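Quick caveat, the model's predicted, so the values are computed rather than measured.
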Amino acid sequence: MDDVELGRFPAQCERPEPVKFAWPIVLLPELFTTPRHLALVFGYLASIGWEVFVPDLRAAVGKGSTPPLEKLRFNDLAALAGEAIDGIGRDAVVVGHGVGGLVALKLSEHRRVKAAVAYAPLAPGFRTPLVGGIANRLAMRWRLPIKPPRGRILFELIADSDPFTRDGLINGMAPDSGAIAADVMAGAIEFAPPDKAAPRLVVAGDSDIFAPLARTSKFAESIGAKLATIAGRGHWLIGGRALERAINETQRFLVRALGQDLLLLYPEEWKNDPGD
């Protein structure tokens, strides 16, 4: 793993030997989480031949023309992620979790994005329990940072994670932008129509209380995104038993959507039938 700079963003990068795919993957985290929370999906993707970047978008918050955390809105976050992709200087695939998944879908209209994948994206227009509680509702009203979930909601969030990672996941959570959460819950996000965007995939657990499947399915249909459902899993698709299934769905989608141009080494099973 290397520490690199993507413009003004520090980032982690893994370049496996050999690299099997023509374009790198950029990973984006959920509300309250950081690049550290993406460690398992980062390692898994690298182990199967992907070059992977995880930019720390928070590093630019409150600097230059970028608003401070409490004023950072969804489109500001998407602009930061687009700037990080420009910093790579090559085309890329964007994969995000939760709000990061919504940003990935938004960036499907970016000139450098070949495809976008959202794991458990928060459903626009739905008042997700992820940012619930009186304190967070008041924080959003007063344009203050919101705090990570606690108690039962926190348990539900990380229930599908690997047990040995849970203490680290909890301790690594950080306050986030109430303005971003408010934009999502108000449905105040515009997505390009399918003919003006790169291919898009939504991967959803059917037991996700933070982005219920019925809402997620309707959202995916509204933007022309493919939908893959993982039975018996909740919101934490970036670890635990859901991770392998989420990545398998991602691989299948990307090979079908991008074709042989994606594959540098042309594994035989994909050459014969890219849908398997």
Side-chain angles (χ1 to χ4, degrees), residues 1-69 72 76-101 103-104 106-107 110-119 145 148 158 161-162 164-177 180 236-239 243 246-247 250 254 264:
M1 183 188 302
D2 297 319
D3 293 326
V4 299
E5 298 288 329
L6 300 179
R8 58 189 178 131
F9 308 102
Q12 295 176 335
C13 173
E14 186 71 43
R15 296 182 177 94
E17 289 291 342
V19 174
K20 295 182 180 180
F21 303 97
W23 303 293
I25 282 180
V26 177
L27 292 176
L28 303 173
E30 169 64 293
L31 281 173
F32 309 118
T33 67
T34 68
R36 175 180 175 183
H37 292 85
L38 296 169
L40 291 180
V41 65
F42 178 89
Y44 196 123
L45 288 167
S47 74
I48 59 175
W50 286 96
E51 181 182 9
V52 190
F53 290 90
V54 186
D56 182 4
L57 303 182
R58 286 175 176 258
V61 173
K63 298 178 181 178
S65 61
T66 303
L69 182 65
L72 192 75
D76 298 320
L77 182 62
L80 292 177
E83 186 180 335
I85 291 169
D86 286 334
I88 297 174
R90 292 179 285 143
D91 292 347
V93 173
V94 189
V95 177
H97 178 225
V99 157
V103 172
K106 176 68 176 175
L107 289 179
H110 189 285
R111 64 186 181 86
R112 286 289 199 181
V113 172
K114 302 295 291 187
V117 180
Y119 292 164
I158 63 171
S161 65
D162 301 276
F164 69 90
T165 67
R166 288 175 185 167
D167 285 346
L169 297 177
I170 293 169
N171 294 333
M173 290 187 181
D176 218 317
S177 168
I180 291 175
W236 203 264
L237 302 184
I238 55 172
L243 177 58
I247 289 180
T250 303
L254 291 175
L264 293 180

* Working for side chain to side chain contact (heavy atoms under 4.5 Å, CB included), residues Val117 and Ile25 -> CA-CA 10 Å; Val117 180; Ile25 282 180; over 6 Å; no
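- Taking CG of Leu72 as the reference point, atom CG of Asp176 lies at 8.0 Å (rounded to 0.5 Å).
- For Trp50, the side chain to side chain donor-acceptor pair (under 3.5 Å) partners are Gln251, not counting sequence neighbours.
- Leu40 approaches Gly239 most closely through the heavy-atom pair CD1-CA, 4.2 Å.
- One finds the NE2 atom of His110 at 4.0 Å from the CG atom of Asp86 (value rounded to the nearest 0.5 Å).
- Considering NZ of Lys114 and CZ of Phe21, their distance stands at 15.5 Å, rounded to 0.5 Å.
- Taking 4.5 Å as the limit, every side-chain heavy atom of Asp76 sits out of range of all side-chain heavy atoms of Leu80.
- Among residues two or more places apart in sequence or in another chain, the side chain to side chain contact (heavy atoms under 4.5 Å, CB included) test is passed with Asp3 by Gln12.
- In this structure, the side chain of His97 does not engage the main chain of Trp236 through any donor-acceptor pair within 3.5 Å.
- Listed by chain and residue number, Arg166 satisfy the side chain to side chain donor-acceptor pair (under 3.5 Å) test with Ser161 (two or more places apart in sequence, or in another chain).
- At a threshold of 4.5 Å between non-hydrogen side-chain atoms, the residues Ser177 and Leu31 do not count as touching.
- With a 4.5 Å cut-off on side-chain heavy atoms, Leu169 and His37 count as touching.
- For Thr34 against Gly172, the heavy-atom pair with the smallest separation is CG2-O, 3.9 Å.
- Using a 4.5 Å heavy-atom cutoff, the side chains of Asp162 and Leu243 are not in contact.
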* To do: Please lay out, stage by stage, how Met173 and Ile158 fare under the test side chain to side chain contact (heavy atoms under 4.5 Å, CB included).
  => CA-CA 12 Å; Met173 290 187 181; Ile158 63 171; 4.1 Å; yes
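- Listed here is the closest heavy atom pair of Ala104 and Leu28: N-CD1, 4.3 Å.
- Formation of a donor-acceptor pair under 3.5 Å by the Glu14 side chain with backbone atoms of Glu51 is not found in this model.
- Minimum interatomic distance between Lys20 and Ile48 (heavy atoms only, all atoms of both residues): CD-O, 3.5 Å.
- In this structure, Asp56 does not pair ionically with Arg36, as no charged nitrogen and carboxylate oxygen lie closer than 4.0 Å.
- Contact check for Thr250 versus Val93: no side-chain heavy atoms found under the 4.5 Å cut-off.
- You'll find the side chain of Ile88 reaches within 4.5 Å of the side chain of Leu6, heavy atoms only.
- Shortest non-hydrogen contact noted between Tyr119 and Ala246 is OH-O, 3.5 Å.
- Counting only heavy atoms from C-beta outward, the side chains of Val26 and Arg112 never approach each other to under 4.5 Å.
- A pairwise comparison of heavy atoms in Ala60 and Phe9 identifies CB-CE2, 3.5 Å as the closest pair.
- Side-chain contact between Phe42 and Ile238 is absent, with no heavy atoms from C-beta onward closer than 4.5 Å.
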